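These notes concern the structure reproduced below.
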Amino acid sequence: MRYEDAGVSIARGDRAVERIRRHVESTFTPWVVGEFGHFAGLIKVPGAGPGAPLLVASIDGVGTKVLLAREHRAYAMVAGDIVRHGANDCLVLGAKPLFFLDYVAWGRLEEEAMEEIVRGMAEACRDEGVALLGGETAEMPGLYKEGDFDIAGCMVGFVREEEVIDGSRIEVGDVVIALPSTGLHTNGYSLARRVLGDALDAEVPGSGQSAAQALLAPHRSYVKAVRPLVERGAVSGLAHITGGGIAGNLVRILPQGAEARLDPASWERPALFRMIQERGKVPEEDMLRTFNLGVGFVVVARPDQAAGVVAELRGHGEACWQLGEIVSGARGVTWAAKSAGL
């Protein structure tokens with residue numbers, strides 16, 4: 001079972017991004033900072049004056065995880081997912097989240113479920129210290145069937161220009177540190193549901209959870225764990241591991257001449273991912289490009305700071321580990337087993 005068998009083509013998505021690139025870039029005003037394709041967009045506020053912070057904006061959706069949420073009435077949980085997802089995307093650039101906007105679409109609006117969705121968003125916004133500033137609710141019976149719904153949201157944050165983390169500070173010798181995910185987060189559900197569709201009640205080996213419970217685990221926020229490192233300048237790069245897997249997201253922050261050499265033996269994949277691969281006979285290439293495989297966020301740090309970064313994260317309860325290192329080479333990510341030293 002490949003991701004394309006479940007109806008999703010990463011290659012098609014990549015080609016679409018390249019086709020739209022010139023159209024997007026044609027709209028860039030003098031206020032835009034940075035390049036197309038990062039985790040969030042950066043823009044100056046006209047007339048704000050020297051030293052004013054930049055605005056940072058990121059938008060995304062929950063994806064087909066909403067189908068599981070509908071079946072298990074887990075509306076509030078997936079609503080919180082999109083808030084935490086947006087906060088992570090702002091964090092990658094060193095930004096603090098400021099406010100959130102939501103979009104919820106229905107075939108037929110369900111009032112109690114809508115309240116649960118907003119409750120979940122509001123709870124996550126309070127946890128992140130952001131305002132749920134507004135949103136849009138759409139009822140479209142010609143587009144969605146009764147019972148169908150979709151959730152998307154835009155997170156806006158702020159960061160001073162000199163404090164932006166865009167990967168340009170990454171150097172050869174830097175250490176790549178992984179923070180664990182809580183499951184699939186919000187990516188790869190089309191494939192996971194296709195593989196586990198008749199086994200959602202089956203126990204994930206050794207977990208004490210059913211597959212459905214494991215799939216509904218929340219997309220976690222890394223802001224409280226990583227923000228202190230950002231504020232004291234202890235990181236040279238950050239990556240949120242979403243669609244495209246570890247390599248597909250880490251490569252987005254690598255400068256030219258920097259290759260991330262990662263050790264696949266540095267961690268044990270959580271049982272849920274092993275269950276998906278075994279039941280669906282999913283090729284390793286698809287596993288790597290589709291899922292986070294237990295790595296939800298990546299911190300890149302200078303070698304003289306890496307041990308301190310790991311110690312600080314572990315001191316706050318993070319089960320982090322050295323995933324690899326930055327070496328000289330073509331910009332990209334390679335997998336090569338090597339003993340992790342931290």
Side-chain angles (χ1 to χ4, degrees), residues 2-4 8-15 17-18 21 34-40 88-89 91-93 165-181 184-188 191 222 226 235-270 273 276-277 282-303 305-306 309-310 313 320-342:
R2 294 181 177 274
Y3 207 11
E4 289 205 15
V8 180
S9 169
I10 292 175
R12 185 166 59 237
D14 290 343
R15 291 194 302 270
V17 168
E18 288 308 309
R21 177 187 295 272
E35 300 176 351
F36 172 85
H38 218 299
F39 289 88
N88 289 336
D89 280 352
L91 173 65
V92 166
L93 287 165
I165 301 171
D166 58 5
S168 59
R169 284 177 265 172
I170 292 176
E171 299 178 1
V172 172
D174 283 1
V175 176
V176 181
I177 300 162
L179 280 72
S181 69
L184 271 64
H185 283 181
T186 49
N187 293 98
L191 179 55
Y222 295 90
V226 176
V235 303
S236 50
L238 300 168
H240 183 199
I241 309 306
T242 56
I246 300 167
N249 287 281
L250 183 53
V251 73
R252 295 164 70 177
I253 65 168
L254 295 178
Q256 293 299 325
E259 175 186 310
R261 185 169 295 167
L262 308 182
D263 181 1
S266 65
W267 85 105
E268 183 179 359
R269 292 181 187 178
F273 297 102
I276 291 170
Q277 185 167 24
V282 181
E284 180 68 5
E285 180 184 0
D286 277 61
M287 293 297 296
L288 289 169
R289 296 187 67 194
T290 305
F291 301 111
N292 65 56
L293 300 178
V295 177
F297 204 84
V298 165
V299 174
V300 182
R302 297 295 302 146
Q305 300 217 44
V309 166
V310 169
L313 289 169
C320 60
W321 68 94
Q322 182 177 339
L323 179 63
E325 60 185 338
I326 304 298
V327 299
S328 180
R331 179 175 177 265
V333 176
T334 58
W335 296 91
K338 180 181 177 181
S339 176
L342 295 177

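We count residues from 1, following the sequence as given. What you see is a predicted model, and the numbers here were worked out from it, not measured in a lab.
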Quiz item: So which heavy atom on A306 is nearest to which on A301, and how close?
Solution: CA-CB, 4.2 Å
Quiz prompt | Nearest heavy atoms of L313 and C320, plus distance in Å | solution = CB-SG, 3.6 Å
Quiz prompt | Side-chain (Q277) to main-chain (V282) donor-acceptor, under 3.5 angstrom | solution = yes
Quiz prompt | Spacing of E18 atom CD and F36 atom CZ [to the nearest 0.5 Å] | solution = 7.0 Å
Practice problem: To the nearest 0.5 Å, tell me how far L191 CG sits from R289 CZ. | Solution: 12.5 Å
Quiz item: Got I253 and H38 here, is their nearest side-chain heavy-atom distance under 4.5 Å?
Solution: yes
Quiz prompt | Smallest separation among heavy atoms of S266 and Q322, with atom names | solution = CB-O, 3.5 Å
Self-check item: Separation between OH of Y222 and CG of L238, rounded to the nearest 0.5 Å
Solution: 12.5 Å
Quiz item: Rounded to the nearest 0.5 Å, how far does CZ of R269 lie from CD1 of I276?
Solution: 11.0 Å
Self-check item: Pairwise side-chain contact, W335 with I246, heavy-atom cut-off 4.5 Å (strictly under)
Solution: yes
Quiz item: Are side-chain heavy atoms of V327 and T334 found at a separation under 4.5 Å?
Solution: no
Quiz prompt | Side chain to side chain, F291 and L184, heavy atoms closer than 4.5 Å | solution = yes
Exercise. Examine the side chains of S236 and E171 and answer whether a donor and an acceptor come within less than 3.5 Å of each other.
Key: no
Quiz item: Which heavy-atom pair separates P255 from G167 by the least distance, and what is that distance?
Solution: CD-O, 3.5 Å
Quiz prompt | With L323, the side chain to side chain contact (heavy atoms under 4.5 Å, CB included) member among L179, V298, I177 | solution = V298
Exercise. Would you name the heavy atoms of A260 and L250 that are closest together and state the gap between them?
Key: CB-CD2, 3.7 Å
Quiz item: Taking C-beta and beyond as the side chain, do L91 and F297 meet within less than 4.5 Å on heavy atoms?
Solution: yes
Quiz item: Of N88, T186, N187, N249, which meets side-chain hydrogen bond (donor to acceptor under 3.5 Å, both in side chains) against T242?
Solution: N249
Quiz prompt | Beyond-backbone contact of W321 with V295, side-chain heavy atoms, under 4.5 angstrom | solution = yes
Practice problem: Please tell me if the side chains of V175 and V309 come closer than 4.5 Å, counting only heavy atoms from C-beta onward. | Solution: no
Quiz item: Under a 4.5 Å cut-off applied to non-hydrogen side-chain atoms, are L254 and V333 in contact?
Solution: yes
Quiz prompt | Distance, nearest 0.5 Å, that separates CZ of R252 from NE2 of H240 | solution = 10.0 Å
Practice problem: Calculate, to the nearest 0.5 Å, the distance between atoms NE2 and CG belonging to H185 and N292 respectively. | Solution: 6.0 Å
Self-check item: Closest heavy-atom pair and its distance - A258, I326
Solution: CB-CG2, 3.9 Å
